[in-house]
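Each chain gets a letter, A, B and so on, in the order its sequence line appears, and its residues count up from 1.
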Number of protein chains: 2
Amino acid sequence: ESAVVSGITLDRSEAKLSVIRVPDRPGIAYRILSPLAEAAINVDMIIQNASSEGYTDFTFTLPKVDLPKARQLVEFVAREIEALEVRADNNIAKVSAVGTGMKNHPGVAARMFKALADENINIQMISTSEIRISCVIEAKYGELAVRILHEAFNLANGA
Amino acid sequence: ESAVVSGITLDRSEAKLSVIRVPDRPGIAYRILSPLAEAAINVDMIIQNASSEGYTDFTFTLPKVDLPKARQLVEFVAREIEALEVRADNNIAKVSAVGTGMKNHPGVAARMFKALADENINIQMISTSEIRISCVIEAKYGELAVRILHEAFNLANGA
Ligand SMILES: C[C@@H](O)[C@H](N)C(=O)O
Ligand SMILES: C[C@@H](O)[C@H](N)C(=O)O
């Protein structure tokens, strides 16, 4: 699988906002996101897993500089939709394995997760596409994660 | 934002497996995924949101044909890691807006979510990258979702 991964990227510029326990019914995702779009806040990753008992969490990452404004907007919506709370986290890094045709190489994600686990780096969030596997981890592990992933995928440092 | 979205894709070939309430500690993601990789099961989307009280859900999509085998493997791991349960869903479709530089156009996701909400289509899962916003919805809404998203983004049908 090493041939599939062409590089490792690290993004330390983002923060995370989660709206906890939102009702899983049509219109909720729009209500959370549209004030952010109107405020021209560049939302990056959006992660929402399947619901349990009619509720789920709605999380997104964004530039750290936009966190105070975004939090204010989202807290207003959270109250309106009667979500449980809004949680912000300024202490994250996003590390990604980038490549092509990841879908047909299930071993790639397994290898990435193993490399992080072997260093005891906890994976807080996971989001994937055909060309990228992204893990959100604690910010302080960012450079270490990049180094071990370069090793895990036989990439020269700087790839 | 219409210029940013170049096409809408629909994938009806996948099923979803969720491992509910897994401990949020290093090694868990690897333990769930590695048996699947060893069985050469092509896992597509992996979604894991941030944890609450030390637990989170781990979800992935895969070809429907692989669901019985994958479910068996994952149920074994779920018992080992003392997750709450494994849930399978064979009734999903993945609809995606594809484009470039989505990150710098926050209105794109908002417009997509609004279009689905206006048709009362519930968004079960969301996963995004710079070039794609994917929503998992109930399978029966697949074609309708594609049609309304073509309209929402001013794309000719077939784009
Ligand atoms: C939670 C949120 O995504 C909701 N299901 C919606 O469709 O908007
Ligand atoms: C839940 C799972 O992702 C865990 N946090 C891990 O690092 O493996």
Side-chain angles (χ1 to χ4, degrees), chain A residues 16 18 20 24-34 36-52 56-60 87 89 103-111 113-114 116-136, chain B residues 16 18 20-21 24-31 33-34 36-52 56-60 87 89 103-111 113-114 116-136:
Chain A
K16 174 192 89 185
S18 290
I20 305 296
D24 184 22
R25 61 170 189 256
I28 294 294
Y30 174 68
R31 284 176 74 174
I32 295 170
L33 212 58
S34 94
L36 300 169
E38 280 175 38
I41 289 170
N42 287 340
V43 169
D44 180 22
M45 288 165 96
I46 300 170
I47 293 185
Q48 177 198 307
N49 209 335
S51 62
S52 279
T56 186
D57 300 335
F58 186 99
T59 299
F60 57 91
R87 288 181 200 155
D89 186 349
K103 189 166 157 180
N104 299 319
H105 293 88
V108 173
R111 187 187 291 203
F113 298 162
K114 181 175 203 309
L116 296 170
D118 286 349
E119 291 292 333
N120 231 25
I121 296 171
N122 194 48
I123 302 166
Q124 299 177 1
M125 287 159 54
I126 302 168
S127 180
T128 65
S129 72
E130 282 225 32
I131 60 169
R132 175 186 289 263
I133 302 166
S134 290
C135 292
V136 169
Chain B
K16 174 192 90 184
S18 290
I20 305 297
R21 211 168 176 273
D24 184 23
R25 61 169 190 257
I28 294 294
Y30 175 68
R31 284 177 74 174
L33 212 58
S34 93
L36 301 168
E38 279 176 39
I41 290 170
N42 287 340
V43 169
D44 179 22
M45 289 166 95
I46 300 171
I47 293 183
Q48 177 198 306
N49 209 336
S51 62
S52 280
T56 186
D57 299 334
F58 186 99
T59 299
F60 57 91
R87 287 181 200 154
D89 186 350
K103 189 165 155 180
N104 298 320
H105 292 88
V108 173
R111 187 188 292 203
F113 299 161
K114 179 174 206 308
L116 296 170
D118 286 350
E119 292 292 332
N120 230 25
I121 296 171
N122 194 47
I123 302 167
Q124 299 178 1
M125 288 159 55
I126 302 168
S127 179
T128 66
S129 71
E130 281 225 33
I131 60 169
R132 175 186 290 263
I133 302 166
S134 290
C135 291
V136 170

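Ranked by non-hydrogen atom pairs under 4.5 Å with chain B, the options A:N120, A:V136, A:I20, A:D89 are led by A:N120. With chain A as partner, the option from B:R31, B:M125, B:E119, B:R132 having the largest number of non-hydrogen pairs under 4.5 angstrom is B:M125. For chain B, the option among A:S134, A:A50, A:S51 with the highest count of heavy-atom pairs below 4.5 Å is A:A50. Ranked by non-hydrogen atom pairs under 4.5 Å with chain A, the options B:I28, B:L36, B:D118, B:I121 are led by B:I121. Across B:A110, B:S129, B:G27, the residue that shares the most heavy-atom pairs under 4.5 angstrom with chain A is B:A110. Residue with the most contacts toward chain A among B:S34, B:A117, B:A29, B:S18: B:A29 (heavy-atom pairs, distance under 4.5 Å). For chain B, the option among A:I32, A:L33, A:N42 with the highest count of heavy-atom pairs below 4.5 Å is A:N42.
When heavy atoms are compared at a cutoff of 4.5 Å, B:I123 approaches chain A by way of both its backbone and its side chain. Contact annotation for B:A39: neither backbone nor side-chain heavy atoms come within less than 4.5 Å of a heavy atom of chain A.
Between atom CD1 of residue B:I47 and atom CD1 of residue A:I47 there is a gap of 7.5 Å, rounded to the nearest 0.5 Å.
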Residues A:F58, B:I126; criterion side chain to side chain contact (heavy atoms under 4.5 Å, CB included); working and verdict: CA-CA 9 Å; A:F58 186 99; B:I126 302 168; 3.6 Å; yes
Residues B:T56, A:N49; criterion side chain to side chain contact (heavy atoms under 4.5 Å, CB included); working and verdict: CA-CA 10 Å; B:T56 186; A:N49 209 335; 5.7 Å; no
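In this structure, the side chains of A:I131 and B:I131 come closer than 4.5 Å at one or more pairs of heavy atoms. No side-chain heavy atom of A:S52 sits under 4.5 Å from any side-chain heavy atom of B:R21. You'll find the side chain of B:I133 stays beyond 4.5 Å of the side chain of A:I46, heavy atoms only. No side-chain heavy atom of A:I41 sits under 4.5 Å from any side-chain heavy atom of B:P106.
Of all the heavy atoms in A:D44 and B:T128, the pair that sits closest is O-OG1, 3.2 Å. In plain terms, the two heavy atoms of A:Q124 and B:Q48 that are nearest each other are O-NE2, 3.1 Å.
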